[in-house]
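Below is one structure, written out as structure tokens; comments come after it.
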Amino acid sequence: MKAEHVSDTINRIYLDNGDEIILVGTAHVSQNSVDEVRQVIETENPDHICLELDKGRYESKTKEQSYANMDLKKVFKEGKTFLVLANTALASFQKKMGNQTGSAPGEEIIGASKIAQEKGIPYSFCDREIATTLKRAWAKSNLWNKAKLIATLLSSAFDKEEFKPEELEELKKSDTLQEMMNELSKELPGAKSALIDERDRFLATNILQAPGHKKVAVIGAGHANGIVKTIERLEKGELSTDLSDISQVPKPSKLGSIIGWAVPVALLAIIVAAGFAKGFDESLKYFLIWAGTNSLTTVLFSILSNAHPLNWLVAAIGAPIAVLNPVLGVGIFTGIAESQLRKPTVKDFEKLSDDIASVKGWFKNRVLHAFMIFFTTSMGSILGTFVLFPIMLRIFG
């Protein structure tokens, strides 16, 4: 294999079998990228076009979506809260960049598919499903890193910084979305493998295996070096073309399950031990101290988050129950309750990517508000169990 760096945005790869791959690195939000993609396709007239896009994202960009069909109950119950928030935060970031550059996010990739259709050139989606990528990043992160992952994604949505014209032009050389992922990977090595390394491998493998002797691959500029190196390793046989190991969400580890049950077991052990040592009354007192502390902090956080008054009761009752069953979480109870007590409108769903970028939006938008209640009450329950409960034991125990 031989790789030739033609320009800041184009790499030409000559494979050992005589096939040729032209990588076009784009910024996703640059009008120059849109124009360059069309020029390269018309000049090269390839046999096949590879797109850094999965089928789901393509359909979301080209077809009208019925936001009202999103079932928030299902989102909470199936643990998809992070996935929806992450997608919304990324969409908000892309929209902001598109507003500054005058080019809709991903327009150059969608444009490449349209040109392919116009010219009758076969094309394929070469990226991994975004849901799988985000789920793998989530699964590979511990509790602290999950919090940082959410914070980083949200900070990108809240960022109000305006880019100067010369900075916008630099987007062509270093895909800004990928730069955000690179910054994230410095703090979260586990997430890096899912967000960057695995996707480079996924893209490179699908591009290499796509039909045709001459292929144009339209990718984010940040993936170019990784794809070139991965294709070289694939050509040498150092990497397998089997992608099954990175195409599925990792199953929860047994250790994680054990740790999840350790908290309720420890709590019950303390209560039972008190009963044996000092009698039933003392055991009951310990239980009430814990349940009261957990409920109180959870309710307090729900009040601070402006939850519906009836949801305060849900938080009070649900918090102790959720801690004793690690499969559940108080956020599931309060999130579902909030979404039912204050049902979101179609407008709430349509304005998600705008409202996520402001504190006011989180309180005003009923979808985001339900998500906020999910997180804040979960934090309140954790605070009550691990911080305040030991303190209350010393005072009253």
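Nothing fancy with the numbering, it's 1 onward along the sequence.
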(message) Applying a strict under-4.5 Å side-chain criterion to I, L, V, M, F, W and Y, I'd like to know whether Phe363 and Leu368 cluster together.
(response) yes
(message) Phe76: which residues meet the ring pair (Phe, Tyr, Trp, His ring centres under 6.0 Å) condition with it, sequence neighbours left out?
(response) Phe371, Phe374
(message) I'd like to check the side chain to side chain contact (heavy atoms under 4.5 Å, CB included) partners of Ser7; sequence neighbours left out, ordered by chain and number.
(response) Thr9, Ile10
(message) On a heavy-atom basis, which atom in Val367 and which in Pro344 lie closest, and how many Å separate them?
(response) CG2-CB, 3.6 Å
(request) Could you walk me through whether Glu338 and Arg342 pass salt bridge (charged side-chain N to carboxylate O under 4.0 Å, His left out), step by step? (result) CA-CA 6 Å; Glu338 193 68 27; Arg342 292 169 172 158; 2.9 Å; yes
(message) Hydrophobic clustering (ILVMFWY, side-chain heavy atoms < 4.5 Å, transitive) - are Leu313 and Leu300 grouped together?
(response) no
(request) Working to the nearest 0.5 Å, report the span between CG of Asp200 and NZ of Lys229. (result) 9.5 Å
(message) Does atom CD (Glu78) have a neighbourhood of more than 12 heavy atoms from anything else shown, all under 6.0 Å?
(response) yes
(request) Calculate, to the nearest 0.5 Å, the distance between atoms SG and CG belonging to Cys50 and Asp127 respectively. (result) 12.0 Å
Side chains of residues 211-219: which donor-acceptor partners sit under 3.5 Å, not counting sequence neighbours?
from, atom 1, to, atom 2, distance (Å)
His213, ND1, Asp19, OD1, 2.8
Lys214, NZ, Glu44, O, 3.1
Lys214, NZ, Glu44, OE1, 2.8
Lys215, NZ, Ile207, O, 3.1
Lys215, NZ, Leu208, O, 3.0
Lys215, NZ, Ala210, O, 3.0

(request) Step by step, work out the side-chain contact (heavy atoms from CB on, under 4.5 Å) result for His223 and Leu203. (result) CA-CA 9 Å; His223 286 292; Leu203 287 164; 4.0 Å; yes
(message) Is there a side-chain contact between Leu72 and Ile336 in this structure, where contact means two heavy atoms from C-beta onward sitting under 4.5 Å apart?
(response) no
(request) Could you tell me whether Glu42 and Arg38 have a side-chain N and a carboxylate O separated by less than 4.0 Å? (result) yes
(message) Hydrophobic clusters here meaning ILVMFWY residues chained together by side-chain heavy-atom distances under 4.5 Å, can you tell me if Leu239 and Met1 are in one?
(response) yes
(request) State, yes or no, whether a side-chain contact exists between Leu23 and Val228 at a heavy-atom distance under 4.5 Å. (result) yes
(message) Less than 4.0 angstrom from a charged side-chain N to a carboxylate O is my criterion; do Arg366 and Asp355 meet it?
(response) no
(message) Using modelled atom types and a 3.5 Å cut-off, is there a donor and acceptor pairing between side-chain atoms of His308 and backbone atoms of Ala337?
(response) no
(message) Would you say Asp242 and Ser240 are linked by a side-chain donor-acceptor pair, where the criterion is simply a distance under 3.5 Å?
(response) no
(request) Answer whether the closest heavy-atom distance between the side chains of Leu243 and Asn206 falls below 4.5 Å. (result) yes
(request) Write down the atom of Asp54, the atom of Glu129, and the distance for their closest heavy-atom approach. (result) OD1-OE1, 3.2 Å
(request) Return the minimal non-hydrogen interatomic distance between Ala224 and Asn11, and the atom names on each side. (result) CB-ND2, 4.0 Å
(message) Counting C-beta onward and ignoring hydrogens, is there a side-chain heavy-atom pair between Phe301 and Leu383 closer than 4.5 Å?
(response) yes
(request) To the nearest 0.5 Å, tell me how far Glu232 CD sits from Asp16 CG. (result) 9.5 Å
(message) Under the side chain to side chain contact (heavy atoms under 4.5 Å, CB included) test against Ser381, which residue among Thr334, Thr376, Thr297, Asn294 passes?
(response) Asn294
(request) Look only at the side chain of Ser302 and the backbone of Val299, and say whether a donor-acceptor pair between them is shorter than 3.5 Å. (result) yes
(message) For a 4.5 angstrom cut-off between non-hydrogen side-chain atoms, does Thr81 reach Phe375?
(response) yes
(request) Please report the closest heavy-atom contact between Tyr58 and Gln117, naming both atoms and the distance. (result) OH-NE2, 3.4 Å
(request) Working to the nearest 0.5 Å, report the span between CD1 of Ile22 and CD1 of Ile13. (result) 9.5 Å
(request) Identify whether the distance between the nearest side-chain nitrogen and carboxylate oxygen of Glu52 and Arg199 falls below 4.0 Å. (result) yes
(request) Would you mind reporting whether Ile246 and Arg128 have side-chain heavy atoms less than 4.5 Å apart? (result) yes
(message) Looking at Ser113 and Ile110, would you say the former's side chain and the latter's main chain have a donor-acceptor pair under 3.5 Å?
(response) yes
(message) Show the nearest heavy-atom pair for residues Thr298 and Thr377, with the distance to one decimal.
(response) CG2-O, 3.6 Å
(message) Any non-hydrogen side-chain atom of Phe202 less than 4.5 Å from a side-chain atom of Ser247?
(response) yes
(request) Look at the side-chain heavy atoms of Ile, Leu, Val, Met, Phe, Trp and Tyr, link any pair under 4.5 Å apart, and say whether Val37 and Tyr123 land in one connected group. (result) yes
(request) Taking atom types as modelled, find out whether Thr230 and Arg201 have a side-chain donor-acceptor pair closer than 3.5 angstrom. (result) no
(request) Quick one: do Ile49 and Leu51 satisfy side-chain contact (heavy atoms from CB on, under 4.5 Å)? Show the steps, please. (result) CA-CA 7 Å; Ile49 297 174; Leu51 306 176; 3.7 Å; yes
(message) Distance check, rounded to the nearest 0.5 Å: Met372 atom CE versus Leu304 atom CG?
(response) 10.0 Å
(request) Determine, using the 4.5 Å side-chain heavy-atom cutoff (strictly less than), whether Ile289 and Ile382 are members of one ILVMFWY cluster. (result) yes
(request) Kindly say whether Ile356 contributes a backbone atom to a donor-acceptor pair with the side chain of Trp362 at under 3.5 angstrom? (result) yes
(message) I'd like to know if Arg12 pairs up with Glu4 as an ion pair, taking the criterion as any Lys NZ or Arg NE/NH1/NH2 lying under 4.0 Å from an Asp or Glu carboxylate oxygen.
(response) no
(message) Give me the atom names and distance for the closest heavy-atom approach of Thr133 to Ala194.
(response) CG2-O, 3.6 Å
(request) Could you tell me whether a side-chain N or O of Trp290 sits under 3.5 Å from a main-chain N or O of Thr385, the two making a donor and an acceptor? (result) no
(request) Decide yes or no for Leu234 and Thr205: does some side-chain heavy atom of the first lie under 4.5 Å from some side-chain heavy atom of the second? (result) yes
(message) Within this structure, what is the NZ-NZ distance for the pair Lys73 and Lys77, rounded to the nearest 0.5 Å?
(response) 6.0 Å
(request) Look at the side chain of Asp348 and the backbone N and O of Thr345, then say whether any donor-acceptor pair between them is shorter than 3.5 Å. (result) yes
